[in-house]
Amino acid sequence: TPDAHSQPTGRTSPLKRFGLAKESINKTFGLIKTELLEAHAILVEAKGGESGEGGGRTTVLLEKTAGIEEILARDHMKVAFFGRTSNGKSTVVNALLHDKVLPAGIGHTTNCFLSVIGVDEDKGYVIVPGSGEHSDIKSLQQLANSLHKERLSTNSLLRVCWPKEKCALLQEDVEFVDSPGIDMNPDVDDWINSHCLDADVFVLVSNAESTLMNAEKNFFHRVSERLSRPNIFILNNRWDVCVEEEPSMVEEVKQQHLENDISFLSNQLSVIDPDTARERVYFVSAKEVVTIRNRQRENQSDLGRGLHDGYKGRLLEFERFELKFKECLSNSAIKTKFEQHHSRGLEIVLELEELLNFESEQATQKNSLIQSELQEICSKQQNLNDKGHLVYQRSIQKTQSMAAELESRVQAAMEG
Ligand code: GTP
Ligand code: MG
């Protein structure tokens, strides 16, 4: 589609590395499975068709491999968006999706967690919680409201499926998780346990018109207590409004935010050094990006119509954020997800090696036992043969002497 074509293609995207790593680790597990099946067949055959201890162990290893393959098939790169109500979290997700997919508006809009993943169908839909039925994307807000009322908690998750062909990021196995405002008195531990422990990247969407609030800071303090060095980006959103309202102060305000955000990430949370933290802070207008990308999709000519001055610079800043965030996402996901699978795969291979070594040692020992038994039988046989030969020799001699005696008697009788 023109939309997908206007976005960075898979080849140039750093996220491609995740896909390649996934492909390569999938192939490796395929090979491990083939080896395990072969080893299993050999061990069962050696036991005359029975599983035995070796066959039992290969069955367990095969089950482990199948479990990892299943997790691998489900693995996504997960990005979670947090921030206060109305800071523009849903608008940022829409900007990344190049379309107005999630409901965004003034007031408290998102009241439960929303997960967006890519699907092969050509039309987006929402999965109705409980029944699993597909519902029109237009019913998203209504479904979210009823889910929120039903469960009386903001912690519920609604799945939104969006055509992969409309968004390059979804083609690359990325999952976006949008959240309700952090200022809505959430059960923070519950939120973190349910939605954050497997997130590869966190995006804190802040309102550039004010400074970071304690609710936002406290949430990330709790996240970094649970996860070692979480990857956090800070988007100072609504930058278009700041530029419009305070043109003379804009550089000063930007510097202030930059210093505060860097200090929050590097000194207060201690998740990153100050230089790297500088690459994690951006000044954007998600609303403008959504407008521009919608116009691009519709092939409109005047992309900046009605937007505030400097929109091109803010769009470029958003693109810079996308690039950095993709790099970070891919690196983190490969490390957190595949490193774990890699070491479990290695464990399986080592266990198989140990099992085969043990079985082959047992077979060698059995073989030498049979050999020595065979040798013993042979020497007994030889012994018997030798004895038999002796008896045979003696009986020949005896027969010969008896014949000679008989002959001499016959001779004597004839002479007599
Ligand atoms: P909740 O879901 O209620 O927590 O809010 P949210 O953080 O998801 O904010 P949402 O995306 O719904 O945006 C809130 C309002 O701010 C909407 O009317 C958006 O159009 C507007 N908005 C979002 N980003 C920007 C921006 O960068 N500039 C301007 N001017 N408005 C924005
Ligand atoms: Mg929202």
Side-chain angles (χ1 to χ4, degrees), residues 79-116 126 137 140-145 147-148 153-160 162 176-186 188 191 195 202-210 212-213 215-216 219-220 233-247 250 253-254 257 281-295 303-322:
V79 197
F81 297 82
F82 291 98
R84 274 180 304 132
T85 306
S86 286
N87 278 5
K89 301 175 292 294
S90 305
T91 311
V92 169
V93 177
N94 287 341
L96 289 164
L97 289 170
H98 288 237
D99 210 338
K100 282 182 188 163
V101 181
L102 304 184
I106 44 174
H108 171 48
T109 309
T110 312
N111 52 15
C112 72
F113 277 81
L114 301 173
S115 146
V116 187
V126 192
I137 209 100
L140 182 56
Q141 191 60 48
Q142 196 191 329
L143 278 169
N145 286 341
L147 187 69
H148 174 54
S153 126
T154 49
N155 193 20
S156 323
L157 178 82
L158 202 56
R159 293 206 179 274
V160 180
W162 192 245
F176 296 119
V177 175
D178 188 15
S179 63
I182 204 80
D183 45 337
M184 300 311 289
N185 292 327
V188 176
W191 273 26
H195 305 287
F202 295 87
V203 179
L204 166 55
V205 181
S206 86
N207 182 351
E209 292 165 278
S210 65
L212 281 182
M213 296 284 172
E216 292 162 314
F219 179 76
F220 279 98
F233 282 78
I234 301 180
L235 286 185
N236 290 283
N237 194 33
R238 302 176 69 85
W239 194 236
D240 55 323
V241 183
C242 295
V243 172
E244 178 69 9
E245 284 179 4
E246 303 276 354
V250 78
V253 174
K254 188 174 190 172
H257 279 317
V281 182
Y282 295 87
F283 295 82
V284 298
S285 166
K287 190 177 176 184
E288 282 179 348
V289 178
V290 173
T291 306
I292 294 168
R293 290 183 170 175
N294 262 328
R295 289 176 182 169
L303 295 179
R305 187 172 13 99
L307 301 182
H308 299 310
D309 283 352
Y311 75 90
K312 282 187 184 157
R314 289 188 291 276
L315 178 64
L316 277 176
E317 175 93 342
F318 194 85
E319 287 171 354
R320 267 191 342 105
F321 153 69
E322 278 178 310

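Atoms within a ligand are numbered from 1 in the order they appear, just like the ligands themselves. Quantities reported herein were computed from a predicted structural model and do not represent experimental measurements. This chain uses plain numbering: 1 for the first residue, then up along the sequence.
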What atoms of ligand 1 come closer than 4.0 angstrom to any heavy atom of [X]?
X      : answer
Ala104 : 10 (P), 11 (O), 12 (O)
Ala286 : 27 (O)
Gly181 : 4 (O)

Q.
the Mg ion (ligand 2) and Thr85: any N/O/S contact shorter than 2.8 Å?
A.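 For Thr85, the answer is no, given that no N, O or S atom comes within less than 2.8 Å of the Mg ion (ligand 2).
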Q: Measure from the Mg ion (ligand 2) to each N, O or S atom of Thr110 and report whether any distance is below 2.8 Å.
A: yes
Q) To which of Ser285, Gly105, Ala208, Ala95 does the heavy atom nearest atom 14 (C) of ligand 1 belong? A) Gly105
Q. Where the closest heavy atom to atom 16 (O) of ligand 1 is concerned, which of Lys89, Arg84, Arg238 has it?
A.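 Ranked by closest heavy atom to atom 16 (O) of ligand 1, first place is Arg238.
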Q. At under 4.0 Å between heavy atoms, which part of Val241 makes contact with ligand 1: side chain, backbone, both or neither?
A. side chain
Please report which non-hydrogen protein atom sits nearest to [atom], along with the residue it belongs to and the distance in Å to one decimal place.
atom                    : answer
atom 30 (N) of ligand 1 : Asp240 OD2, 3.0 Å
atom 24 (N) of ligand 1 : Asn237 ND2, 3.0 Å
atom 5 (O) of ligand 1  : Ser86 N, 2.9 Å
atom 3 (O) of ligand 1  : Thr109 N, 2.6 Å
atom 10 (P) of ligand 1 : Thr91 OG1, 3.5 Å
atom 25 (C) of ligand 1 : Lys287 CB, 3.5 Å

Q. Does the separation of the ring centres of Trp191 and Phe113 fall below 6.0 angstrom?
A.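 Aromatic pair counts; centres sit under 6.0 Å.
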Q: Give yes if a backbone or side-chain nitrogen or oxygen of Ser179 is under 3.5 Å from a nitrogen or oxygen of ligand 1, and no if not.
A: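 N/O-N/O distance under 3.5 Å: no.
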**Q.** Pro103 N/O to ligand 1 N/O under 3.5 Å
**A.** no
Q. Is the closest heavy-atom distance from Gly83 to ligand 1 below 4.0 Å?
A. no
